[in-house]
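On a predicted model such as this, the values are computed, not experimentally measured, just so you know.
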Amino acid sequence: MPSQKIESGHEDTVHDVVMDYYGKRLATASSDKTIKIIGVSSSGSQHLATLQGHQGPVWQVAWAHPKFGSLLASCSYDGQVIIWKEGNQQDWTKAHVFSDHKGSVNSIAWAPHELGLCLACGSSDGNISVFSARADGGWDTTRIDQAHPVGVTSVSWAPALAPGALVGSGSLDPVQKLVSGGCDNIVRVWKLYNGTWKMDCFPALQMHTDWVRDVAWAPNLGLPKSTIASASQDGTVIIWTVAKEGDQWEGKVLKDFKTPVWRVSWSLTGNILAVADGNNNVTLWKEAVDGEWQQVTTVEP
């Protein structure tokens with residue numbers, strides 16, 4: 001598909017752009033307090049809907065897996081998380097509003113669909129909340145209080161299958177783990193034990209010298225190790241790996257970009273990492289056979 005220029009129609013900065021599961025629609029989040037849904041195809045793009053409900057800049061949007069219907073989550077500076085549901089085509093309504101946080105909600109992430117409809121949210125109030133949908137339409141909440149006391153910037157879920165697990169063996173319980181980054185320069189891994197979230201990395205992952213801007217747990221697809229990428233205000237991206245449960249995570253600097261790094265995102269196969277930096281560059285990286293990371297291409301802005 002050739003590259004396309006898509007007009008978002010927003011009246012202020014766009015903070016997040018996410019494509020749906022089928023690659024047919026984009027959701028965009030903006031400082032103009034709105035979310036826009038844009039249809040994309042080889043013939044062009046068209047504006048489908050504008051979602052209004054937040055009272056402040058919208059930082060992130062996230063599509064739920066289509067097995068749960070057409071659902072989109074959004075988080076905002078206003079401290080709210082909204083779950084939007086599409087009824088008839090392009091008719092979006094607020095299905096649920098969470099107002100649990102006392103500060104800006106900076107990051108949201110849906111869990112792997114094997115865990116059910118479950119949303120993690122990280123906030124400037126230092127807390128992470130996890131909302132899980134019940135069969136009766138209500139929601140259960142678990143929390144990680146003061147995960148990063150000076151503020152949570154980012155959250156990402158581990159794959160539901162433990163590293164090295166064979167798909168389809170059926171007997172394995174899905175793994176419930178999260179990684180978070182914060183304004184304390186630290187990356188932390190959390191695991192749900194009997195309904196309570198506990199830290200799962202000792203010591204905490206500390207190699208960054210400034211805010212962690214984004215964290216992303218790589219899909220493992222049967223690979224024997226777990227991998228997390230973290231991006232920081234300090235200009236570096238670090239790749240963290242652990243071979244097996246209980247081992248210590250090891251960090252390796254992918255590159256010093258010499259400018260703040262905003263976002264990191266893995267390909268669906270988990271072998272290519274996209275990095276967005278403060279110079280408006282997006283670079284793609286791949287791990288070579290010798291374990292060194294190599295740049296494979298640059299995406300021009």
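In this structure, CG on Asn106 lies 7.0 Å from SG on Cys75, to the nearest 0.5 angstrom.
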When you look at Arg213 and Gln233, which way does the side-chain contact (heavy atoms from CB on, under 4.5 Å) test go after all the steps?
-> CA-CA 6 Å; Arg213 284 275 177 198; Gln233 188 72 16; 2.8 Å; yes

Might you work through the side-chain contact (heavy atoms from CB on, under 4.5 Å) test for Trp110 and Leu117, ending with a clear yes or no?
-> CA-CA 7 Å; Trp110 290 106; Leu117 188 61; 3.3 Å; yes

Residues Trp157, Val130; criterion side-chain contact (heavy atoms from CB on, under 4.5 Å); working and verdict = CA-CA 11 Å; Trp157 289 85; Val130 180; 3.9 Å; yes

Asn220 vs Lys225, side-chain contact (heavy atoms from CB on, under 4.5 Å): CA-CA, chis, key distance, verdict | CA-CA 7 Å; Asn220 61 32; Lys225 64 181 181 182; over 6 Å; no

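Under the 4.5 angstrom side-chain criterion for Ile, Leu, Val, Met, Phe, Trp and Tyr, the cluster partners of Val61 are Val18, Ile35, Ile37, Leu48, Leu51, Val58, Trp63, Leu72, Ile82, Trp84, Trp92, Val97. As a member of the Ile/Leu/Val/Met/Phe/Trp/Tyr network built from side-chain separations under 4.5 Å, Val237 groups with Ile239, Leu254, Phe257, Val261, Val264, Trp266, Leu273, Val275, Trp285, Trp293.
Heavy-atom neighbours of Glu250 CD from other residues, nucleotides or ligands within 6.0 Å: at or below the threshold of 12. More than 12 heavy atoms of other residues, nucleotides or ligands sit less than 6.0 Å from atom NZ of Lys94. The number of heavy atoms from other shown groups lying within 6.0 Å of NZ (Lys24) does not exceed 12. Other residues, nucleotides and ligands contribute at most 12 non-hydrogen atoms within 6.0 Å of the CG atom of Asn194. For Asn88, the CG atom sits in a loose shell: 12 or fewer heavy atoms of surrounding residues, nucleotides or ligands are nearer than 6.0 Å. Other residues, nucleotides and ligands contribute more than 12 heavy atoms inside 6.0 Å of the CH2 atom of Trp190.
Taking 4.0 Å as the cut-off between side-chain N and carboxylate O, Lys252 and Glu292 count as a salt-bridged pair. The residues Lys36 and Asp32 are annotated as not salt-bridged, no charged nitrogen and carboxylate oxygen being separated by less than 4.0 angstrom. Salt bridge status for Asp16 with Arg263: present, with a side-chain N to carboxylate O gap under 4.0 Å.
Residues passing the ring-ring contact (aromatic ring centres under 6.0 Å, His included) test with His47, sequence neighbours excluded: none. Under the rule for a salt bridge (charged side-chain N to carboxylate O under 4.0 Å, His left out), the partners of Asp140 that lie at least two apart in sequence or sit in another chain are Arg134. Checked against ring-ring contact (aromatic ring centres under 6.0 Å, His included), Phe98 has the following partners two or more places apart in sequence or in another chain: His96, Phe131, Trp139. Under the rule for a side chain to side chain contact (heavy atoms under 4.5 Å, CB included), the partners of Glu245 that lie at least two apart in sequence or sit in another chain are Lys177, Lys191, Asp200.
Of all heavy-atom pairs between Val212 and Gly181, the closest is CG1-CA, 3.9 Å.
In this model, a donor atom of one side chain and an acceptor atom of the other lie less than 3.5 Å apart for Thr142 and Trp197.
A centroid separation of less than 6.0 Å is found between the aromatic rings of Tyr21 and His65.
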